[in-house]
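All values below come from the heavy atoms of this structure, side chains included, with hydrogens, waters and symmetry mates left out. Chain letters run A, B, ... following the sequence lines, proteins first, then strands; residues in each count from 1.
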2 protein chains.
Amino acid sequence: MAYANKLKDDLDDALREAGLRVTRQRAAIVKVLTEAEDHPDAHEVHRRASEIDNTVSLATVYRTLAVLSDKGIVHRHAFEGAPARFETADAPHHDHIIDVDTGAVVEFASAEIERLQREIARQHGFEVVSHRLELYCRRRKDKR
Amino acid sequence: MAYANKLKDDLDDALREAGLRVTRQRAAIVKVLTEAEDHPDAHEVHRRASEIDNTVSLATVYRTLAVLSDKGIVHRHAFEGAPARFETADAPHHDHIIDVDTGAVVEFASAEIERLQREIARQHGFEVVSHRLELYCRRRKDKR
DNA sequence: AACGCTAATGCGAACCAGTCGCAACAGTCA
DNA sequence: TGACTGTTGCGACTGGTTCGCATTAGCGTT
C-alpha cells in the first residue's frame, strides 16, 4: 500500500513539499513506510530503517513519525494495549479490524457508518473532528 | 450514573459476589465510581477516594480498577492521548463522544452502527469480540 | 566548492501511565 | 480469637515515547 508506486524521487519531493529537509534518515524511514504492507510500530520501523541506514536512531524514528503525522503524510493508530502503529496516508479513509489472536490488521470502510456518526454527533450538538472505530475480532470458526 | 441508586451494602455485595474481599480501600474506590457523574481517570479516582479514606494508595486504585474491570464491574476507556478513564458498567452499552476542546465525554448508542459492525466483520470472516468507537467532536457554532 | 544559517540528529536522561515485589496488614470463615 | 491468605503501601521498575543538548549536515547562497 501507500505511496508504494511512487519512486524515491517523489518521496523526497513529498518531504520537501512539506517544508522538511530530506535527510538520509528520513529517506530511510519514508522508504520503510511506503514499502510496508502491514502496520509496523515505531520499533519495527526503526528495525527496518536501520537495515537501510544504520545511523537511524529510535528518537529520530519517533520524531519523523510525529512530523509526518502532523503533515498528514502518515497516520498513527494506537490500538488497545499496544504501541502505536503507522501507515502511510495515501489510501482512502478506512477503519480497522484487529485480529485479537494474531494482531493482524484488516482495513475496511463504511460510508454508512460514517454517515451515522455525523448524524449522531449533530444530534448531540457536535460536529465530528475525527473518529476512531476499531473492531477487535476473532476469525469465525463456522465459516459458513 | 452507574450504581448510583444502589446503597453501600449492595456495593459491598457486588464485591463479595465477585469473590473479592471488601476492604476499606475498595469500598472507597467503588463509592467514588458509583457516585461519579463523569469519567475520571485513575489519578482522579485516587484523589477522590483519598478524601474518603486517606490510606488508599495509587497502586491499589490501579489494582482495584483492574480487578473490577476484569469482573466487568467497570469499563476502562483509553481515549486518544490521555490516561485511561473509568465508569461503572451498569449502564447499557454505549460509545462515546469526546469534546476535543473540554475533554467532556457524552455517551450515545446506535443499534444500527452495531449491526453494521457485525456485518462488516462477518464479511471479512471475523466475529466481533469487542469494539471501540469514539467520536472526537467540537460543539457546533452554527446551532442553526 | 566552500559558507552559513538553522533544522535535524544521536545520545542518554527524563517522563508518565501503569505494574510489580515484598513485607506488613487485615478480611473472612472456622 | 485464630489462622489462612488475599490485599495493601511503598518504592522500585517497565515500556513507550519525549526532551535537552552539543554536534552534524541539508540546502540556498556566494
Using the closest heavy atom to pick a nucleotide of DNA chain D for each, name whichever of B:Arg21 or B:Val61 lands nearer the 5' end. B:Arg21
What's the separation between atom CG in B:Leu116 and atom CZ in A:Phe108, rounded to the nearest 0.5 Å? 10.0 Å
Whole Å only: how far is the CG atom of A:Leu58 from the P atom of C:dC11? 11 Å
For the side chain of B:Ala59, starting at C-beta, report the closest nucleotide among D:dC10, D:dT18, D:dT8. D:dC10
Establish, with yes or no, whether the OP1 or OP2 oxygen of C:dT9 is under 4.0 angstrom from a side-chain nitrogen or oxygen of A:Thr23. yes
Stepwise salt bridge (charged side-chain N to carboxylate O under 4.0 Å, His left out) check, B:Glu127 with B:Arg122: CA-CA 6 Å; B:Glu127 54 190 331; B:Arg122 161 183 294 259; over 6 Å; no
Counting side-chain heavy atoms from CB outward, which of C:dG18, D:dT7, D:dT8 is closest to B:Ala84? C:dG18
May I ask you to check whether B:His93 and B:His131 place their ring centers less than 6.0 Å from one another? yes
d(NE2, B:His46; P, C:dG18) in whole Å: 14 Å
Measure OH/B:Tyr62 against C1'/D:dT14 and give the value in whole Å, please. 14 Å
What is the distance, rounded to the nearest whole Å, between atom CG of B:Leu65 and atom P of C:dA17? 14 Å
Heavy-atom nearest nucleotide on DNA chain D for A:Arg63 versus A:Ala42: which residue maps closer to 5'? A:Ala42
Between A:His77 and A:Phe86, ring centroids under 6.0 Å: no
Take B:Arg24 and B:Phe86, find for each the nucleotide of DNA chain C with the closest heavy atom, and name the residue whose nucleotide sits nearer the 5' end. B:Phe86
Between C1' on D:dT24 and CZ on A:Arg26, what's the gap in Å once rounded to a whole number? 14 Å
Between P of C:dA8 and NZ of A:Lys71, the distance in whole Å: 9 Å
